[in-house]
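We use all heavy atoms of the structure for the numbers below, so side chains are in, but hydrogens, waters and symmetry mates are not.
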Amino acid sequence: LKRMLLILLFACSVVSAAEVRTVMVVLFPFREAEIAAKVDGTVREYKFRVGEQFKAGDTLLVLDDTQYRIEAERAAALAEDAKVQAQFAEESYVAQKKLFDEEFQSKLELKRRETEVATANARKKVADANLAESRLQLSYCTLKVPFDGKIEAILSREHETIRAGQPLFRVIDDSKLLAVMNVPVSKMPEVGEKMWFGFSDNRIQVEGTVFEVSPRADHRSGTVEVKALIANSDGKLSAGLTGVLIDGK
């Protein structure tokens, strides 16, 4: 019985040592985002399908912008009217100021003209602000992303009515991947700038560059979270894959 216990303890120690030496790695996209609507509307058209590559600035989704376009045109007309009124008030003030200087106009009348100029300029500022806001609302009907990537999931369908704040789709940038791992504290002195990883039973081996190292160790597992950046322009790796940290290629 003692011999069997010794054998069992030895086997467990071997397994534990192997587990300590094997550092598991999980791949995450370098960048990802869940894009939500900024205005109420109706989904008109998706320009890309799930998994299709897009470039930074490409239009990914278009909402029906009929209402917002009308509002922008109305705001533009009001802004133009306010501009004309402000110009007229300024010209009237200049004419009244000339009469005042020649003592053909009272100071009270001149003051009234000054007030009209201030009021007209204030209304012009409000009209300009309303125009800028309406154009901004109109721009929200065309959704873009400021980085290259792929659509990971579509969360709303074409012709569906959506509300501001409602998630529409998720995008990822997998041209670079983050290899996230928990490295034992005892192994941290061995961690350099470059690291090697094995995927698909080590059939795929790639190099990564240390990107982030957590400043705090996990007291429960005795490990430190390390993130390494892996180039993936050829697309041979996918986010979500698991692998292992290896010593060399």
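- Shown are Arg113, Arg112, Glu114; of these, the side chain to side chain donor-acceptor pair (under 3.5 Å) with Tyr93 is made only by Glu114.
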Open item on the list: One pair to check against side-chain contact (heavy atoms from CB on, under 4.5 Å): Val191 and Val183. What are the steps and the verdict?
Closed with: CA-CA 9 Å; Val191 175; Val183 179; 4.1 Å; yes
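- Taking 4.0 Å as the cut-off between side-chain N and carboxylate O, Lys144 and Asp58 do not count as a salt-bridged pair.
- A salt bridge does not link Glu152 with Lys150: none of the charged nitrogens is closer than 4.0 Å to a carboxylate oxygen.
- Here the NZ atom belonging to Lys97 is positioned 15.0 Å from the OG atom belonging to Ser92, to the nearest 0.5 angstrom.
- Every ring pair (Phe, Tyr, Trp, His ring centres under 6.0 Å) that Phe30 has, sequence neighbours left out, goes to Phe211.
- Around atom NZ of Lys98, no more than 12 heavy atoms belonging to other residues, nucleotides or ligands sit under 6.0 Å away.
- Contact annotation: the side chain of Val23 never approaches that of Ile246 to less than 4.5 Å [non-hydrogen atoms, C-beta and beyond].
- The line from CG of Asp128 to CZ of Arg123 is 14.5 Å long, rounded to the nearest 0.5 Å.
- Taking 4.0 Å as the cut-off between side-chain N and carboxylate O, Asp174 and Arg31 do not count as a salt-bridged pair.
- With rounding to the nearest 0.5 angstrom, the CD atom of Gln67 is 12.0 Å from the CG atom of Leu63.
- Around atom CZ of Arg170, more than 12 heavy atoms belonging to other residues, nucleotides or ligands sit under 6.0 Å away.
- Note on Leu237 and Ile172: separate hydrophobic clusters, where clusters join Ile, Leu, Val, Met, Phe, Trp and Tyr whose side-chain heavy atoms are under 4.5 Å apart, directly or indirectly.
- No side-chain donor-acceptor contact under 3.5 Å links Thr59 and Tyr46.
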